[in-house]
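Right, one structure below, let's go through it.
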Amino acid sequence: MSKPTVALAADHAGFELKNLLRDELKAQGYDVLDLGTNSSDSVDYPDFGRKLAETVAAGKAARGVAVCGTGIGISIAANRIPGCRAALVHDITSARLCREHNDANVLALGARLIGVETARDCLKAFLETPFAGGRHSGRVAKLGQPA
Ligand code: RB5
């Protein structure tokens, strides 16, 4: 079965973890879109959260991975874009449930808070867990309604 395209974006605090996850996804056969940043030079996380969310919302990638220092700023930025459902997670159970219950299409990680092994586990759960549908479908649809 073909694997989905995964877009990744990070600010300077997240670029090392983003690069590590990108390379591992490539090695696993995923198509990846690396939207930057690509150095430790200081950048603004809203720019990268927006770019990632627009890419996923436009269907250019099925899923996204957003990384900043805490994951907080970049997830707030991503969730401003209609069609983006970004979930900030720190554990594998949250990574599974954000797919099963919320149909999250962007995984947000805090590179300064989470270990590499946990980040890997979260990403695997995020990519491999399907949306459960059923009673969750109407709730997710409400997330797409204008404020
Ligand atoms: C950058 O220093 C830091 O503020 C950013 O990566 C992120 O943690 C913001 O939420």
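Read the numbers this way: they start at 1 and go in the same order the structure lists the ligands and their atoms.
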Check ligand 1 against [X] and write out every atom of the ligand that is under 4.0 Å from a heavy-atom position of the residue.
X     : value
Gly73 : 9 (C), 10 (O)
His12 : 1 (C), 2 (O)
Gly69 : 5 (C), 6 (O), 7 (C), 8 (O)

Next on the checklist: Lys51 vs Glu54, test: salt bridge (Lys or Arg N to Asp or Glu O under 4.0 Å). Steps then yes/no.
Outcome noted: CA-CA 5 Å; Lys51 200 191 304 190; Glu54 287 175 344; over 6 Å; no

Next on the checklist: Counting only heavy atoms from other residues, nucleotides and ligands, does the tally under 6.0 Å from CZ of Arg50 exceed 12?
Outcome noted: no

Could you tell me whether some N/O pair between [X] and ligand 1 is separated by less than 3.5 angstrom?
X     : value
Ile74 : no
Gly71 : no
Asp11 : yes

Note the single closest protein heavy atom to [atom], along with its residue, its atom name and the distance in Å.
atom                   : value
atom 4 (O) of ligand 1 : Tyr45 CE2, 4.4 Å
atom 3 (C) of ligand 1 : Arg112 NH1, 4.0 Å
atom 8 (O) of ligand 1 : Thr70 N, 3.0 Å
atom 7 (C) of ligand 1 : Cys68 SG, 3.4 Å

Item to check | Arg99 and Asp103 ion-paired at < 4.0 Å | outcome: yes

Checklist entry - Is there a donor-acceptor pair closer than 3.5 Å between any side-chain N or O of Lys3 and the backbone N or O of Gln28? => result yes

Checklist entry - Does Pro46 offer a backbone N or O that forms a donor-acceptor pair with the side chain of Asp44 under 3.5 Å? => result no

Checklist outcome for this item: Note: Ala13, heavy atoms under 4.0 Å from ligand 1, region reported as side chain

Item to check | Distance, nearest 0.5 Å, that separates OG of Ser75 from CG of Leu88 | outcome: 5.0 Å

Checklist entry - Would Arg63 count as a cation-pi partner of Phe126, with NZ or CZ less than 6.0 Å from the six-membered ring centre and within 45° of the ring normal? => result yes

Item to check | Heavy-atom side-chain proximity of Asn19 to Arg22 below 4.5 angstrom | outcome: yes

